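Contents: one structure, followed by commentary.
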Amino acid sequence: MIASDLDTAIASLRDLIGEAERIVPFTGAGISTECGIPDFRSPSGLWSNNRPIPFDEYVASAEARREAWRRRFNIEATFAKAKPGRGHLALASMYRMGKVPGVVTQNIDNLHQASGVAPRDVVELHGNTTYATCLDCGRRHELGPIRTRFEANGEELPDCDCGGIVKTATISFGQAMPEDAMRRAQQLATDCDLMLAVGSSLVVWPAAGIPLLAKRNGALLVIINREPTEFDEFADLVVRNDIGDALAPFIHH
Ligand code: NAD
Ligand code: ZN
């Protein structure tokens, strides 16, 4: 059912959220657009001018790595000033009430953690761009020192003491999914009674399979996206409104 207008959407959400015992949000870039972080696939999104750099290219080519770091530092000011939006705050309220055992996200912006969800309860399917890791030994590297050296020394690339390549802690196209996060996401989806798919175009696999897994296991499925998605026909409720507008009534301080 597609909610006919915002008030109907909010009333339906209120019923579903009120009746649910285990709500699992599955979030995408759309929940963070009001925080100033562009998504990929909206008309104003990043996709067209920034062809994603596939994982094998990053590993094989120093120039690809320099380009990846240039882009990362270009967008740093945007990430650094982003604060959780109304969608994040509403989900964090449900979490505090004990209704949300964990938040599954495709986002890499750390805003669910910033909204008050404990880091251990944020399941990041595509990693996190606010720090870097070594592809060989897994050691964490901070972005600040990497940037200083990159900018002072003619785009010097970071490397790890072990000799490994350093990359933001995100999952690129062609890179293996994080196994532990996938397992936890599947578990949360299987055990929930309400799945809220918020601000995802639901076209990036295998992440997009998580909301469907919940539906197949008996959960009710809500899709909140201002544009149609391919899964709308499977949803019990489709909300085509702005995410912040639809979820603001569920913020409790
Ligand atoms: P996407 O860009 O493919 O889709 C975002 C969806 O959100 C679109 O379908 C759009 O219609 C909807 N949307 C945007 N703003 C909205 C709003 N205010 N209200 C309602 N709907 C809104 O994003 P995706 O499905 O998450 O896939 C992109 C991938 O790129 C992700 O897997 C993620 O790893 C990465 N990414 C992350 C961020 C971030 O961390 N904030 C930003 C861009 C891309
Ligand atoms: Zn290393």
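Owing to the predicted nature of the structure, the values given are computational and were not obtained by experimental measurement. Each residue takes its place number in the sequence, starting with 1. All ligand and atom numbering here is 1-based and tracks the order in the structure.
- Each of the following atoms of ligand 1 lies closer than 4.0 Å to a heavy atom of Gln106: 24 (P), 25 (O), 26 (O), 31 (C), 32 (O), 33 (C), 34 (O).
- Only the side chain of Thr33 comes within 4.0 Å of ligand 1, judged by heavy-atom distances.
- Atom numbering of ligand 1 starts at 1 in the shown order; those under 4.0 Å from a heavy atom of His126 are 31 (C), 32 (O), 33 (C), 34 (O).
- Any protein N/O/S atom under 2.8 Å from the Zn ion (ligand 2) was counted, giving 4 altogether.
- Close approach of ligand 1 to Pro38 (heavy-atom distance below 4.0 Å) involves ligand atoms 42 (C), 43 (C).
- Residue Ile37 approaches ligand 1 through these ligand atoms, each under 4.0 Å from one of its heavy atoms: 41 (N).
- Within a 6.0 Å radius of CZ in Arg120, other residues, nucleotides and ligands contribute 12 heavy atoms or fewer.
- Note: the hydrophobic cluster containing Ile251 does not contain Ile17 (ILVMFWY, side chain heavy atoms under 4.5 Å, direct or indirect links).
- The backbone and the side chain of Ile108 each have at least one atom closer than 4.0 Å to an atom of ligand 1 (non-hydrogen atoms only).
- Applying the side chain to side chain donor-acceptor pair (under 3.5 Å) rule to Gln113 yields the partners Asn110, Glu124; only residues at least two apart in sequence or on another chain are considered.
- Taking a cutoff of 4.0 Å between a charged side-chain nitrogen and a carboxylate oxygen, Glu63 and Arg70 qualify as a salt bridge.
- Salt-bridge annotation for Arg86 and Glu34: present, with a side-chain N of the basic residue lying under 4.0 Å from a carboxylate O of the acidic one.
- Neither side chain, Thr129 nor Thr170, offers a donor N or O lying under 3.5 Å from an acceptor on the other.
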